[in-house]
K.L.:
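Sharing a structure below in structure tokens format, with a few things to ask.
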Amino acid sequence: MGRNIVETIVGALVLVVAGVFVFYAFAKSDRSGPDGYDVVARFGRIDGLKRGADVTLSGVKVGAVTGFTLDPKTYQAVVRLVVSSNVSLPSDTTAKIVSESLLGGMVVVLEPGSDKTTIRAGGEIAHTQDSIPLTELIAKFMFGSAGSK
């Protein structure tokens with residue numbers, strides 16, 4: 001009889017501790033969507049880019065990829081980004097898709113231009129650079145690029 005009470009108390013204690021961990025995880029997670037404005041960028045290739053990927057400016061995360069579609073007329077990938085509301089992007093900003101690391105995923109890197117006008121909410125980043133697959137980089141390194149002297 002005494003053993004059943006001890007097991008019940010230990011089981012209840014384990015459940016309480018698990019509940020505290022779950023509450024802490026939800027409290028510390030970023031469940032709300034990013035606060036900012038939407039922009040789009042068109043790329044010829046977005047190999048490896050995923051929804052939720054970081055958008056960085058000078059190495060600082062300033063947004064996230066919210067989705068992408070294929071433009072049926074141009075066959076370009078239209079990438080939707082949300083950029084933090086405290087970041088004003090010049091209209092000649094360049095967006096590049098680069099690898100986060102050798103084993104990591106892809107990120108969108110923004111390089112601001114010098115134009116005085118800014119991209120408004122719903123605007124488009126006109127200057128883009130497509131992703132370069134790792135296999136192509138390795139092939140260029142191993143076999144050299146065509147036309148090199």
K.L.:
Is there a side chain to side chain contact (heavy atoms under 4.5 Å, CB included) between Y37 and V82 once you walk through the steps?
P.N.:
CA-CA 5 Å; Y37 60 97; V82 64; 6.0 Å; no

K.L.:
Check side chain to side chain contact (heavy atoms under 4.5 Å, CB included) between S99 and all other residues, then give those that pass, not counting sequence neighbours.
P.N.:
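Checked S99 against side chain to side chain contact (heavy atoms under 4.5 Å, CB included); matches are M106.
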
K.L.:
Between A41 and F43, what is the shortest heavy-atom contact and its length?
P.N.:
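Heavy atoms only, the tightest pair is CB-CE1, 3.6 Å.
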
K.L.:
Please determine whether side chain to side chain contact (heavy atoms under 4.5 Å, CB included) holds for the pair V10 and E7, giving the CA-CA distance in whole Å, both sets of side-chain angles, and the decisive distance to 0.1 Å.
P.N.:
CA-CA 5 Å; V10 170; E7 288 176 356; 5.8 Å; no

K.L.:
Applying side chain to side chain contact (heavy atoms under 4.5 Å, CB included), name anything that partners Q129, two or more places apart in sequence or on another chain.
P.N.:
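Q129 satisfies side chain to side chain contact (heavy atoms under 4.5 Å, CB included) with K96 only.
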
K.L.:
Please test T56 against V108 for side chain to side chain contact (heavy atoms under 4.5 Å, CB included), starting from the C-alpha separation and ending with a verdict.
P.N.:
CA-CA 6 Å; T56 63; V108 177; over 6 Å; no

K.L.:
Starting from L15, walk the hydrophobic network (Ile, Leu, Val, Met, Phe, Trp, Tyr; side-chain heavy atoms closer than 4.5 Å) and list everyone else you reach, by chain and number.
P.N.:
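Direct or chained contacts put L15 with none.
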
K.L.:
Can you tell me how far the CD1 atom of I46 sits from the OG1 atom of T128, to the nearest 0.5 Å?
P.N.:
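It is 11.5 Å, given to the nearest 0.5 Å.
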
K.L.:
Tracing side-chain links under 4.5 Å among I, L, V, M, F, W and Y, which residues wind up in one group with V98?
P.N.:
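Traced through the cluster, V98 reaches V107, V109.
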
K.L.:
Can F143 be reached from I138 by stepping across I, L, V, M, F, W or Y side chains whose heavy atoms are under 4.5 Å apart?
P.N.:
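The answer is yes; both residues are in one hydrophobic cluster.
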
K.L.:
Answer with yes or no whether the hydrophobic clustering places V78 together with V55; edges join I, L, V, M, F, W, Y residues whose side-chain heavy atoms lie under 4.5 Å apart.
P.N.:
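Hydrophobic grouping puts V78 apart from V55.
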
K.L.:
Identify, with sequence neighbours excluded, every residue that meets salt bridge (charged side-chain N to carboxylate O under 4.0 Å, His left out) alongside D130.
P.N.:
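Testing D130 for salt bridge (charged side-chain N to carboxylate O under 4.0 Å, His left out), a comparison that skips the adjacent residues, returns none.
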
K.L.:
For A95 and L110, work out which heavy atoms get closest and say how close.
P.N.:
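Nearest pair, atom of A95 first, then L110: CB-CD2, 3.8 Å.
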
K.L.:
For A53, check side chain to side chain contact (heavy atoms under 4.5 Å, CB included) against everything at least two apart and list the hits.
P.N.:
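Testing A53 for side chain to side chain contact (heavy atoms under 4.5 Å, CB included), a comparison that skips the adjacent residues, returns L49, V65.
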
K.L.:
Name all residues meeting the side chain to side chain contact (heavy atoms under 4.5 Å, CB included) criterion together with R80; count only those two or more places apart in sequence or in a different chain, and write none if there are none.
P.N.:
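Listed in chain order: V40, R51, T66, T69.
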
K.L.:
Looking at every heavy atom in both F68 and K50, which two are closest together, and how far apart are they?
P.N.:
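Minimum heavy-atom separation between F68 and K50: CE2-C, 3.9 Å.
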
K.L.:
If the condition is side-chain hydrogen bond (donor to acceptor under 3.5 Å, both in side chains), which residues does S91 pass it with, not counting sequence neighbours?
P.N.:
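So S91 forms a side-chain hydrogen bond (donor to acceptor under 3.5 Å, both in side chains) with D115, T117.
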
K.L.:
For residues 83-90, please give each side-chain donor-acceptor pair under 3.5 Å, one per line with the distance, not counting sequence neighbours.
P.N.:
from: S84; atom 1: OG; to: N86; atom 2: OD1; distance (Å): 2.5

K.L.:
Salt bridge check, D71 against K73: does any charged N sit closer than 4.0 Å to a carboxylate O?
P.N.:
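No, K73 and D71 are not salt-bridged.
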
K.L.:
What pairs with R120 under side-chain hydrogen bond (donor to acceptor under 3.5 Å, both in side chains), at least two apart in sequence or on another chain?
P.N.:
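Result, side-chain hydrogen bond (donor to acceptor under 3.5 Å, both in side chains) vs R120: none returned.
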
K.L.:
Applying salt bridge (charged side-chain N to carboxylate O under 4.0 Å, His left out), name anything that partners K61, two or more places apart in sequence or on another chain.
P.N.:
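Partners of K61 under the salt bridge (charged side-chain N to carboxylate O under 4.0 Å, His left out) test: D54.
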
K.L.:
Which residues pass the salt bridge (charged side-chain N to carboxylate O under 4.0 Å, His left out) test with E124, not counting sequence neighbours?
P.N.:
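Partners of E124 under the salt bridge (charged side-chain N to carboxylate O under 4.0 Å, His left out) test: R42.
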
K.L.:
Roughly how far apart are T93 OG1 and E111 CD, rounded to 0.5 Å?
P.N.:
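T93 OG1 to E111 CD: 9.5 Å, rounded to 0.5 Å.
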
